[in-house]
Amino acid sequence: MSDSEGVERYIRLGRETTARRKEQRLEIRKARFDTIAVHGMYSVEEAFAQGQGGIIEPLFPSTSQAYRDSDEMEAGLSYKIPTWCYSRIHNPTIYFLEETLSLLEAYGCEFDASAFCTSSGMAAIKQAVEPLLALSGAPGEEVNFVSSAQVYGGTFQLFNVRMKERGATVRWVAKPWENGAWEELVDKNTRFLYTEMPSNPQQACSDLQALAGLAHKFQIPLIVDSTIATPALMRPLQHGADIVVHSLTKTIGSGGAAIGGAVIARLGMTSRHLADEARADYATWLKFWPARDSGPCMSPHSAFFFLNEVRTLRIKIDWFSKNTLEVAEFLARHPKVEKVDYLGLKAHPLHGLAARYMVMVDSDRPVFGHLLSFTVKGDAQDARRFFDGLQRIFRATDLGRIKSVATIPAISTHQQQGDEGRRLAGIPPTMVRLCVGGEHSADIIKDLDQALNKT
Ligand SMILES: *Cc1c(COP(=O)(O)O)cnc(C)c1O
C-alpha cells in the first residue's frame with residue numbers, strides 16, 4: 001500500500017527535519033569536547049524552534065505526543081518521520097541526552113555513533129547483549145559469548161545466571177589483559193566479546209585494539225563498559241570497539257540524583273548475527289524495536305539531570321582524578337594498608353596498558369579516574385573496623401560520586417556471587433573500594449588516616 005498524499009506531505013517535512021539535524025550534527029562535531037558537552041545538539045536555532053528560547057534543553061515530562069491529524073499519526077507510528085510517539089519509545093529531552101552522549105563517545109572518530117538511554121546501567125547492558133544472543137534456529141546450536149570475569153557484580157550475575165537461563169553460555173576470561181586468554185575461548189558460536197575498563201572494583205584493563213581485532217576476525221562486536229573512565233578519559237569506539245555501555249548513574253551522573261544507563265554504538269557496527277538494518281544504527285534500532293516491547297526506557301526527568309551533569313564532565317574527571325592520585329599515594333605509604341590498586345600508581349602492573357587508553361581528552365596526559373581499591377592489613381574484621389570508623393566518607397554501595405564513597409565489595413556489590421565467584425573475580429574480604437570525589441584531598445586523607453588507625 002503506498003502512502004496517501006497527506007502522509008507523503010508529512011514524510012517530506014520529516015525529511016527536512018532529518019536533514020536539518022544532520023547538518024547541525026556535522027556542525028557540532030567540528031567543536032571541541034567541552035563545547036559538545038555543554039551544548040550538544042541544543043543550538044540557538046533549536047532553542048527558538050522549541051518555542052520559548054530557553055537556554056537549556058527543556059524537560060518534557062509528557063507521556064505522549066499529539067499529532068495534528070491522522071496522516072501525521074500514521075507517518076509517526078510507522079517511524080517514517082522523526083517522532084517520539086510515547087515516552088516508553090522516545091522523548092525529546094532524552095533525544096538531547098542521547099545526541100550529546102553519542103557525540104562525546106564518537107569524538108575524534110571518522111565515523112559517527114548513536115545512543116539509546118535506558119532506565120539503568122544494567123538495563124543498558126541487557127538491552128545491548130540480548131539481540132546478539134538470539135537463536136538462529138540451527139540444530140544443536142550452542143550460543144556463547146566471551147567476557148572478562150572482572151566485571152561489575154550485576155553484570156556477573158546477568159551473564160552467569162540470567163543469560164544461562166536463556167541458553168547462552170558465558171566463557172569467563174580471568175585475566176582480561178592477556179590477549180591469548182580471549183583467543184583461546186572464541187569460536188564460531190561466539191556472539192560477542194565483552195569487557196569492562198577499568199573494571200569495578202579491581203580496575204582490570206584490556207588491550208582494546210587487540211580485542212577489537214580478534215572480534216572482527218570472527219565478525220562479532222566488541223562491547224566495552226566504560227562507566228568509570230567516561231568519554232573524558234577513554235573513547236573505546238576510537239580503538240575499534242563497536243558498542244559502549246555506561247551506567248550513567250555513576251561517574252557521568254556524579255551528583256547522585258538519578259539512575260540511568262546508555263548504549264552507544266558506532267554506525268555500521270560488526271556483527272554477522274544481526275540484520276543489516278540493526279547493524280546500520282544499532283542503538284536507534286534497539287530503542288525503536290526491541291526496547292519498545294520491553295520498556296527499559298529512561299525517565300525524562302533523569303535525562304534532564306544527566307544533561308546538566310555531562311556539561312562539566314571533563315573538568316570534574318580531572319579534579320576527581322587528581323584527588324584520587326593523592327589519596328592513593330597516601331594509602332600506599334600507610335602502615336595499616338596491605339596493598340593499593342590504582343592504575344595511576346606506577347607500581348600497578350596495568351599502569352602502562354591503562355596509560356595507552358586513558359588519556360585526558362584534548363591532551364596527551366594519561367589520567368586514571370577516581371576509582372581505587374585497597375586491602376586493609378589483617379582480616380575481614382579489621383577491614384570492617386576501618387570501614388565503620390569512617391566519618392566523612394560515606395559507606396554506600398555506590399561509586400562515581402562527587403562525594404567520596406567507600407564499600408566492602410565482599411559484603412555488598414559482590415555478595416551475590418559467592419566465595420567461588422569472588423575468588424574468580426579477585427575480591428578478598430579485606431578489600432575496600434574507594435571512589436574519591438570532589439572534596440579537598442587533605443580532608444579525605446585525614447578521614448582515612450583516623451579510620452585506619454582504629455584497626
Ligand atoms: C553500577 C554499574 C553498572 C550498573 O549500573 P546501574 O545504573 O546501577 O544499573 C554497570 N557497570 C558498572 C561498571 C557499574 O559500576
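Counting starts at 1 for both ligands and their atoms, in listed order. From a predicted model like this one, the values you see are computed outputs, not experimental measurements.
- Looking at His334, its side chain does come within 3.5 Å of a backbone N or O of Lys336 through a donor-acceptor pair.
- When the heavy atoms of Thr118, Thr249, Thr251, Val151 are ranked by distance to atom 7 (O) of ligand 1, first place goes to Thr249.
- Nearest protein heavy-atom contact of atom 14 (C) of ligand 1 is Lys250 NZ, 3.0 Å.
- Note: Trp172 and Phe156 have parallel aromatic rings, judged against thresholds of 30 and 60 degrees for the angle between ring planes.
- Atoms of ligand 1 lying under 4.0 Å from any heavy atom of Glu196, numbered from 1 in the order shown and given with element: 13 (C).
- Judged by the shortest distance from any of its heavy atoms, Gly260 lies inside the 4.0 Å radius around the atoms of ligand 1.
- In Leu399, the part holding a heavy atom less than 4.0 Å from any atom of ligand 1 is the side chain.
- For the pair Gln150 (side chain) and Ser199 (backbone), a donor-acceptor distance under 3.5 Å is absent.
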Anything under 3.5 Å between a donor and an acceptor, one on a side chain of residues 380-387, the other on a protein residue two or more places apart or in another chain? List them.
residue: Asp382; atom: OD1; partner: Arg385; partner atom: NH2; Å: 2.9
residue: Asp382; atom: OD2; partner: Asp379; partner atom: N; Å: 3.0

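- Nearest protein heavy-atom contact of atom 9 (O) of ligand 1 is Met122 N, 2.9 Å.
- Only one option out of Asp398, Thr407, Thr397 pairs with Ser412 in a side chain to side chain donor-acceptor pair (under 3.5 Å); it is Thr407.
- If you check which protein heavy atom lies closest to atom 6 (P) of ligand 1, you get Gly121 N, 3.3 Å.
- Residue Asp225 holds the heavy atom nearest to atom 10 (C) of ligand 1 of all those in Asp225, Val245, Leu158.
- Nearest protein heavy-atom neighbour of atom 4 (C) of ligand 1: Tyr152 CE2, 3.5 Å.
- Put simply, the side chain of Ser206 never gets that close to the backbone of Leu208: no donor and acceptor are under 3.5 Å apart.
- Annotation: His351 is in aromatic contact with Phe368 [ring centroid separation under 6.0 Å].
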